[in-house]
Colleague: 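Just dropping this structure here.
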Amino acid sequence: MSLKRNEFRMYQRTIHKTLLILYFLLSYNRVEGQKKLSKLEDVELEKQLKILNKPAVKTVKTKYGDTYDCIDFYKQRAFDHPLLKDHNFHPKMKPTLSRIKKDSTFSSTTNRSSTIWSKDGGCPFGTIPVKRITKDDLIRLNRMPPPEDVTFDNEYDVVAITQISYNPNNKFAGAGMDTTVYNPQVNGQQHSGSRLKIHKGSDIVQAGWRVDPTLYGDTNTRLFIHFQAGEIRCFNTLCPGFVQVNHDIPLDNSLNDTISVRGGKLWGLVVHIERDLSGNWWFLLRKDFTRIGFWPQSLFTDLKSFATNVDWGGVVYSPSGVPKPPMGSSYFPIENTSYDSYCTDLAIVNEKGKTIEVDTTVTHTDNPYRGEFKLLSRGTQNKYFFIYGGPGESTHV
Ligand SMILES: *[C@@H]1O[C@H](CO)[C@@H](O)[C@H](O)[C@H]1NC(C)=O
Ligand SMILES: *[C@@H]1O[C@H](CO)[C@@H](O)[C@H](O)[C@H]1NC(C)=O
Ligand SMILES: *[C@@H]1O[C@H](CO)[C@@H](O)[C@H](O)[C@H]1NC(C)=O
């Protein structure tokens, strides 16, 4: 155990050192404007890319123009993590719980998001799709804004969320939601998205959709996950941690074919994060709980056991001095679920593994957005919706 801890510290130091080097390289580069990378900088970036990009079994192009490498399951980035060296994970792994099954009481009128992301057959079983990282990606990623704070009182992220009332004795083994997918317009370093977030202390896991040109290099609405375990944090699999088992659905999958039209056809993204009996936190997609992968228990300190906080809703970011981008549908809610961006089917899993539909929450909204947790009708049904969003400070909506 003490050896592992030391290894882990060394690993953290290596990451910090690498980021520091990159930071200096790239900030130097920014000062020089268009100056081309020097030979030394170039060598350093190539070294990073070699560590990050694993050898591909097959390369797949999606209809959105993304190129994915199909990486052997056992060669995925997660297993570079010193705490995951001696794992016995395999591509057929399922969450060790009986509670993950179709729950017919959770019905929704929104359509599922499409997962057909490739025309040429996708990745074979035993591999996972991973987007190839380029030099431009590395340079862009270095400009990522600071991560979302757990307390909502930082100056960076602006939210409209609803949450379970905090109690240090809360014990959550998971949560889920069905959120409408939109494509709010963002520019430059802005981002805008909707997500489910579970945390305890300094450990956080999140999943949802976001428009984030800094992360993705385009303004498509894409699936994302994020984790923070102590000082290690990243999106998708940009750093070692998340173990992907699904060979068909990439973590940064474009949702471009399933963008809702306000007042028209609506598309929902159903996400669940659930802790199994081994303590691994699974990321599951859609109503049929399609397994995408999991964050192994060994990554965490606070989330080794149950979570204390769950929240749902929208998050945006703008660099200081830049007007805030639109959130959700880009309109304020009007209490009509055909028009409002929403999160519904909010559910938590209690420590006994029972799924409980959420009917009481505490809402937190920052200016200039709005959010409300309310019983509303959808078709012939009445159910709880967290309706949220707004145009932000943009003038062209
Ligand atoms: C995304 O969808 C829009 C609208 O349907 C379309 O115009 C655009 O070409 C799509 N982008 C990609 C990358 O597929
Ligand atoms: C869901 O998709 C089906 C088939 O494409 C369509 O007929 C139906 O109207 C859609 N439902 C909603 C709520 O958009
Ligand atoms: C929501 O808007 C639609 C279309 O305008 C309308 O038919 C429906 O009655 C509205 N629903 C409510 C609850 O106001």
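When a ligand or atom number is given, it counts from 1 through the structure's own listing order. Values reported hereafter were calculated over all heavy atoms of this structure, with side chains retained and with hydrogens, waters and symmetry mates removed.
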Colleague: Does NZ or CZ of Arg262 lie under 6.0 Å from the centre of the six-membered ring of Tyr182, at an angle within 45° of the ring axis?
Modeller: no
Colleague: Between Tyr384 and Phe373, is the ring centroid distance below 6.0 Å?
Modeller: yes
Colleague: So which residues get pulled into Tyr339's cluster when ILVMFWY side chains under 4.5 Å apart are joined, directly or through others?
Modeller: Ile334
Colleague: From atom 5 (O) of ligand 3, is the closest protein heavy-atom distance below 4.0 Å?
Modeller: yes
Colleague: Could you work out, with ring pair (Phe, Tyr, Trp, His ring centres under 6.0 Å) as the rule, every residue matching Phe172, not counting sequence neighbours?
Modeller: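 So Phe172 forms no ring pair (Phe, Tyr, Trp, His ring centres under 6.0 Å) with any residue.
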Colleague: Measure the distance from atom 10 (C) of ligand 3 to every protein heavy atom, then report the residue, atom name and distance (to 0.1 Å) of the closest one.
Modeller: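 Ranking protein heavy atoms by distance from atom 10 (C) of ligand 3, first comes Asn336 ND2, 2.4 Å.
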Colleague: Would you mind running through ligand 3 and noting each atom that sits below 4.0 Å from a heavy atom of Tyr339?
Modeller: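 Taking each heavy atom of Tyr339 in turn, ligand 3 has 2 (O), 4 (C), 5 (O) under 4.0 Å.
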Colleague: Considering non-hydrogen atoms of the protein only, which is the closest contact for atom 13 (C) of ligand 3, and what is the distance?
Modeller: Ser377 OG, 4.0 Å
